[in-house]
Amino acid sequence: MNQQLNLHQDRLFPADATQRAIARRLYEEVRGLPIVSPHGHTDPRWFADNKPFPDPATLLVIPDHYVYRMLYSQGVSLESLGVPRMDGGPVEQDSRKIWRLFAQHWYLFRGTPTQMWFQHVLHEVFGIRERLTPESAECIYDAIADCLSQPEFLPRALYERFNIEVLSTTESPLDPLVHHQKLRTSGWKGRVVPTYRPDPVVDPEFAGFVNNVLKLGEMTGEDTATWSGYLRALSNRRRFLAAQGATATDHGHSSAITYDLPRSRCEALLAKAFAGNITSIEAQEFRGQMLSEMAQMSLEDGLVMQIHPGAYRNHNPSVFDAFGLDKGCDIPMRTDYVHDLKPLLDRFGNEKRLTIILFTLDESTYSRELAPLAGHYPALKLGPAWWFYDSPEGMRFYRERVTETAGFYNTVGFNDDTRAFPSIPARHDVARRVDCAFLARLVAEHRIDEDEAHEVATDLAYRLAKQAYRI
Ligand SMILES: [Zn+2]
């Protein structure tokens, strides 16, 4: 049996020879373009401190919920994978043991995008040429650990080697941004910028909402118990993040619902949220109103708005109680954009100066709702295939469903949306290959000419993200 780890040069390209030849030519042109990563969840501390990544498991397994959710689904406990518990209770500390456990279950990832990304990381970032198996686990662990002790594998060196032009992180308005501030004064030329993610202070059902809003008031010198003080405080923190390089906001609401309420209703909802007697329907109304308020603020301060609805967050209460947020238990929900966005679009849909980027976890909305909306309203753009669809099949499906109605130029390039820093080049490479494969079919069917396809390939890999996110 072949135990070599190979990355085939034609991976993800069409099997048909004519299309494959075109895809190769297109890819040749975009493979080396710089990476623009306008949305993600890497830790700014890595780049601010530039300390070595600790060990293979801490870098590649413990922080990546794509990885451990699969193992969890097969009965492997999160404790045994070293995922920290909320109560500080015992979890596996031996990184080598975690890695071995992971390697024993590696076969579970066959056919998944995680396998593609991970193999790319092993092969391209760490120079591994052997397949990960229970037998090779130790040897591969040592090889990666050895790399991590070298200066070429420090976070800033990797950033440069990955040819990243800009990398966005995601922060709460309550974040003092110490790492970003340190970065800005460090003299390093890498560009790591924050994104304003206000969920903790605009969602009355977010844990600690009242304290968060009070803290927001302290940080800004505003009385956030009043509607006008609350809005001024939010706007103040937007300006603060923008001064640290932010160009965008991000909103992770459970639905796309928006409202355009009279001021008296807004004041009443805020008072109820403060009193702790807001109902779940009213909380939804509040969140929906806040999307409209954020759009209004974006019109004023120029921040691009991203809306990421449709996740049933923390679906598994046992895991949530023991391990907290973002542990791979977010599940897609049916999402209605046509009705839910109407109040916001009635007010802002025709604003050419505003950019609202829509994402979905509900793939059935691509051709029915999202492409027609983005193909009409000047304020709307369509974000790339995201979570569960940020996969070769998902990306292909996305292009097939949206291009005829929204074109390429109402989309915004690619987001890797990742916490797993070493996988950033892998994810962009997958997106570039899938887009080239899609374009190759259009060329082979004589629907566009090859010179047009070359231009589009470069736009999808590089230019559109810079344009849409104003970076
Ligand atoms: Zn994200």
Side-chain angles (χ1 to χ4, degrees), residues 10-27 29-31 39 111-114 116-117 256 307-310 332-338 357-377 380-417 426-465 468:
D10 288 330
R11 61 193 184 279
L12 299 170
F13 290 165
D16 168 80
T18 311
Q19 291 183 35
R20 174 165 290 201
I22 301 167
R24 278 180 183 160
R25 290 197 290 275
L26 295 172
Y27 177 68
E29 204 152 314
V30 299
R31 64 184 300 174
H39 177 103
T112 67
T114 303
M116 289 211 80
W117 299 330
I307 305 179
H308 281 92
M333 285 190 295
R334 216 165 34 225
T335 307
D336 177 343
Y337 295 87
V338 173
I357 300 174
L358 296 175
F359 292 80
T360 196
L361 276 164
D362 178 355
E363 97 284 14
S364 71
T365 59
Y366 277 139
S367 56
R368 189 185 61 237
E369 303 189 20
L370 289 174
L373 285 167
H376 169 67
Y377 283 103
L380 291 185
K381 292 276 181 289
L382 192 45
W386 173 63
W387 272 17
F388 303 100
Y389 308 110
D390 56 350
S391 62
E393 301 297 345
M395 292 172 189
R396 189 173 298 142
F397 177 85
Y398 166 81
R399 290 289 174 214
E400 284 167 0
R401 293 304 163 103
V402 311
T403 306
E404 287 178 310
T405 312
F408 291 109
Y409 293 90
N410 281 306
T411 68
V412 302
F414 180 65
N415 288 178
D416 53 74
D417 193 30
R427 290 168 195 254
H428 286 262
D429 187 63
V430 166
R432 288 173 186 189
R433 286 171 179 275
V434 171
D435 283 338
C436 288
F438 179 74
L439 287 164
R441 176 160 74 82
L442 299 193
V443 173
E445 291 173 0
H446 303 292
R447 293 163 65 180
I448 61 173
D449 289 328
E450 192 167 328
D451 64 314
E452 294 178 292
H454 278 274
E455 204 173 293
V456 174
T458 302
D459 290 338
L460 298 181
Y462 181 70
R463 285 193 211 113
L464 283 178

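Arg447 has a carboxylate O that lies under 4.0 Å from a charged side-chain N of Glu404, or vice versa, which qualifies the two as a salt bridge. Between Arg11 and Asp429 there is a salt bridge, since a side-chain N of the basic residue sits under 4.0 Å from a carboxylate O of the acidic one. Salt bridge present: Arg441 and Glu445 bring a charged side-chain N and a carboxylate O closer than 4.0 Å.
Contact between Arg20 and Ala15 at its shortest, heavy atoms only, is NH2-CA, 4.0 Å. Nearest approach of Met395 to Ala431, heavy atoms of both residues: SD-CA, 3.6 Å. The two atoms that bring Arg427 and Phe414 nearest to each other are O-CE2, 3.5 Å, heavy atoms only. Taking both residues in full, the closest heavy atoms of Ala23 and Pro14 are given as CB-CD, 3.9 Å, listed atom of the first, atom of the second, then distance. Taking each heavy atom of Ala468 and Ile357 in turn, the nearest pair found is CB-CD1, 4.4 Å. The two residues Leu361 and Pro332 come nearest to each other via the heavy atoms O-CB, 3.4 Å.
Considering OG1 of Thr405 and NE2 of His376, their distance stands at 13.5 Å, rounded to 0.5 Å. Considering CZ of Arg463 and OG1 of Thr458, their distance stands at 5.5 Å, rounded to 0.5 Å. With rounding to the nearest 0.5 Å, the separation of CG in Asp417 from CG in Asp390 is 7.0 Å. Taking CG of Asp459 as the reference point, atom CG of Asp435 lies at 11.0 Å (rounded to 0.5 Å). Between the CG atom of Leu442 and the CZ atom of Arg399 there is a distance of 10.5 Å, given to the nearest 0.5 Å.
Two residues are said to be in side-chain contact when any heavy atoms from C-beta on lie closer than 4.5 Å; Val30 and Cys436 meet this criterion. Leu460 has its side chain within reach of Phe408: a pair of non-hydrogen atoms, C-beta onward, lies under 4.5 Å apart. At least one side-chain heavy atom of Val443 sits less than 4.5 Å from a side-chain heavy atom of Ile448. A heavy-atom distance below 4.5 Å is found between the side chains of Tyr398 and Tyr366. Residues His308 and His39 meet the side-chain proximity criterion, which asks for heavy atoms closer than 4.5 Å. You'll find the side chain of Leu12 reaches within 4.5 Å of the side chain of Val430, heavy atoms only. With a 4.5 Å cut-off on side-chain heavy atoms, Arg25 and Glu450 count as touching. Side-chain contact between Phe359 and Pro384 is present, with at least one heavy-atom pair separated by less than 4.5 Å.
A distance-only check finds a donor-acceptor pair linking the side chain of Glu452 to the backbone of Asp449 [under 3.5 Å]. Distance alone, capped at 3.5 Å, is enough to place a donor-acceptor pair between the Asp362 side chain and the Thr335 backbone. At least one donor-acceptor pair under 3.5 Å links the side chain of Asp16 to the backbone N or O of Thr18. A distance-only check finds no donor-acceptor pair linking the side chain of Thr403 to the backbone of Glu400 [under 3.5 Å]. Formation of a donor-acceptor pair under 3.5 Å by the Thr411 side chain with backbone atoms of Gly407 is not found in this model.
Tyr27 carries Arg433 over the face of its six-membered ring, with the cationic atom under 6.0 Å from the centre and within 45° of the normal.
The side chain to side chain contact (heavy atoms under 4.5 Å, CB included) with Thr365 is formed by just one residue from the set Leu370, Leu358, Asp336; it is Leu370.
Judged purely by distance below 3.5 Å, without hydrogens or angles, the side chains of Thr360 and Tyr337 pair a donor atom with an acceptor atom. If you check the side chains of Asn415 and Trp386, you find no donor sitting under 3.5 Å from an acceptor.
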